[in-house]
Amino acid sequence: MTTHTTRMLIIGSGPAGLSAAIYGARAGMQPIVVQGLQPGGQLTITTDVENYPGFRDVIQGPWLMQEMQAQAEHVGTRMMWDTITEVDLSGSPFRAIGDSGDVYEGDTLVIATGAQAKWLGAPGEQELSGKGVSACATCDGFFYRGKKVVVIGGGNTAVEEALYLTNHSPDVTLIHRRDSLRAEKILQDRLFAHPNIKVLWNKAVDHFVGGDSGLTGVALKDTVTGEASVEPTDGAFVAIGHAPSTELFKGKLEMDGGGYLVVEPGTPKTAIPGVFACGDVMDHTYRQAVTAAGTGCMAALDAERFLAEREFAASRA
C-alpha cells in the first residue's frame, strides 16, 4: 500500500477532470488524477465529435481525450490507473482509497466522476451504438440532417431531444411505452404543437433493426395489445435519462432528486470547503464536453484560491 499526497486530488478523467488538472498543474498544485473505470470518460465511446471548439474537421472522441491527457501530463499532472472505492471527506487532507489499496490524500478534492446515459438494454442497442443508435441528440443530431429519426422516452429529456432534433430532421417520432408523458406541461405543449413531431403511444422497443450499414428501424411491441410492428428510421435516440456516478458520495455530500451533486449556484463549490464538483456529475442540464471542461477550469481556479486563502490565514495566525 502506497500513500500519494497532492495539493489537488481529482477523481475522474473526462473533460472536466483533465481540464481541472491542466489548470491545477499550471498553478503549481501538482495534481493527481485517478482515472476510474472509464478513463477519458464518455467521449471515449463517442466516435465523431463535431462541436468541440478549435477543430474545423470532425475529430474522434478517444483521440481528443488522449490529447487532453497528454496535455495534462505535459504540464505536471500525475495520472493514476486506479478506481476509488471509498472516500473520507471529514476534513482536509481529504482521503480516497483505491481498488489497488493505495491511499490518495489531497488538500483539495475535485470530483469529476461524470454520468452515464441510461440504456434500454434491448437487443441490437449496443451493436448499433454509433451506427444509428445514440443517447445524445445535441451530440449526434447534426449527422441526421434531413433524415427520419425516433426518440425513445417520455420525460423531459425525451421531449427536449425530440424538439431539438426538429432543427435537423423534418420527421421526428417520439416513442413512449405509456399513454401519457412525464415531461413538464410546457414542454408537452411545445411537442404536441410541433408539425414535424408525431407520438407513438403504448409502444415498447423490442429490438433495434439493422446490420453492418447501420440502423434501419426499431421493432416495437404494443404494451396494451401485444401487437408487433417495425418503425423504419435512420436514427434512434434513447432518452430515458442519465445516472450520475455519485455512489461514493452518498451520505457525504448533498445530492438532488436525480442523484447529482449539489453545488453553490454558478460555482463548482460543494457544501464542504475545499471539495469541488464539476462536469456531468453536477450538471444535468447541458452535459457537453465543452461545458464539462469549463466547470473543470472553474474547480481548479477555486481550489487554488481556497488553498491561497487558507495559507494566508495560517500565516497570520
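- Shown here is Y23, whose OH atom has no more than 12 heavy atoms of other residues, nucleotides or ligands within 6.0 Å.
- Heavy-atom neighbours of E67 CD from other residues, nucleotides or ligands within 6.0 Å: above the threshold of 12.
- Checked against the 6.0 Å centroid criterion, the rings of F237 and Y164 do not qualify as a close aromatic pair.
- M1 shares a hydrophobic cluster with I97, V103; the chain of contacts runs through ILVMFWY side chains whose heavy atoms sit under 4.5 Å apart.
- Atom CZ of R78 has more than 12 neighbouring heavy atoms from other residues, nucleotides or ligands inside a 6.0 Å radius.
- Using a cutoff of 4.0 Å between basic side-chain nitrogens and carboxylate oxygens, R287 and D283 are not scored as salt-bridged.
- Sparse packing is recorded around CD of Q30, with 12 or fewer heavy atoms of other residues, nucleotides or ligands lying under 6.0 Å away.
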Take V199 and F192 through the test side-chain contact (heavy atoms from CB on, under 4.5 Å) and record every step on the way to the result.
-> CA-CA 8 Å; V199 181; F192 297 139; 4.2 Å; yes
Test I197 against T166 for side-chain contact (heavy atoms from CB on, under 4.5 Å), laying out the working first.
-> CA-CA 8 Å; I197 300 176; T166 61; 3.6 Å; yes
How far apart are the C-alpha atoms of Q69 and Q35, what are their side-chain angles, what is the distance that settles it, and do they pass the side-chain contact (heavy atoms from CB on, under 4.5 Å) test?
-> CA-CA 10 Å; Q69 180 179 326; Q35 303 205 59; 3.6 Å; yes
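- Residue V159 is tested with I186, L187, V151 for a side-chain contact (heavy atoms from CB on, under 4.5 Å); the sole match is L187.
- Interatomic distance, CD1 of I175 versus CG of N202, reported as 12.5 Å (0.5 Å rounding).
- Between the side chain of T44 and the backbone N or O of G41, at least one donor-acceptor pair lies under 3.5 Å.
- The shortest distance between side-chain heavy atoms of V205 and L220 falls below 4.5 Å.
- Taking 4.5 Å as the limit, some side-chain heavy atom of V133 sits within range of a side-chain heavy atom of W119.
- At a threshold of 4.5 Å between non-hydrogen side-chain atoms, the residues F306 and D107 do not count as touching.
- Atom CZ of residue F208 and atom OG1 of residue T233 lie 10.0 Å apart, to the nearest 0.5 angstrom.
- The closest donor-acceptor contact from the side chain of E125 to the backbone of G121 lies under 3.5 Å.
- Expressed to the nearest 0.5 Å, how far CG of D88 lies from CD of E105 amounts to 9.5 Å.
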Intermediate values then yes/no, side-chain contact (heavy atoms from CB on, under 4.5 Å), W201 and R178 = CA-CA 6 Å; W201 301 105; R178 298 184 180 85; over 6 Å; no
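- Between Y52 and F55, the ring planes lie tilted relative to each other; the angle falls in the 30° to 60° range.
- Annotation: side chain of T295 is not in contact with side chain of Y286 (no heavy-atom distance under 4.5 Å).
- Taking NE2 of H168 as the start and CG of D140 as the end, the distance is 10.0 Å to the nearest 0.5 Å.
- The environment of CZ in R7 is crowded: more than 12 heavy-atom neighbours from other residues, nucleotides or ligands sit within 6.0 Å.
- In this structure, D179 has no side-chain hydrogen bond (donor to acceptor under 3.5 Å, both in side chains) partners at least two apart in sequence or on a different chain.
- A salt bridge is absent between E304 and R26: the closest approach of a Lys/Arg side-chain nitrogen to an acidic carboxylate oxygen does not fall below 4.0 angstrom.
- Using a 4.5 Å cut-off on side-chain heavy atoms (C-beta onward), L261 and M255 make contact.
- No side-chain donor-acceptor contact under 3.5 Å links K252 to the backbone of L89.
- Two residues are said to be in side-chain contact when any heavy atoms from C-beta on lie closer than 4.5 Å; T5 and P93 fail this criterion.
- The closest donor-acceptor contact from the side chain of T113 to the backbone of S245 lies under 3.5 Å.
- Using modelled atom types and a 3.5 Å distance limit, the side chains of T270 and E254 yield no donor-acceptor pair.
- In this structure, E184 contributes its side chain and N156 its backbone to no donor-acceptor pair below 3.5 Å.
- Under the side-chain contact (heavy atoms from CB on, under 4.5 Å) test applied with Y104, the options L109, D82, I10, T6 reduce to a single match, D82.
- No side-chain heavy atom of T77 sits under 4.5 Å from any side-chain heavy atom of I22.
- Counting heavy atoms from C-beta outward, M80 and D102 have side chains that stay 4.5 Å or more apart.
- Summarising the local packing, NZ of K148 is surrounded by more than 12 heavy atoms from other residues, nucleotides or ligands at distances under 6.0 Å.
- Using a distance-only test at 3.5 Å, with no hydrogens or angles considered, no donor-acceptor pair links the side chain of T225 to the main chain of D222.
- Distance check: L181 CG to L174 CG gives 6.0 Å after rounding to the nearest 0.5 Å.
- If you take CD1 on I152 and OG1 on T173, they are separated by 10.5 Å, rounding to the nearest 0.5 Å.
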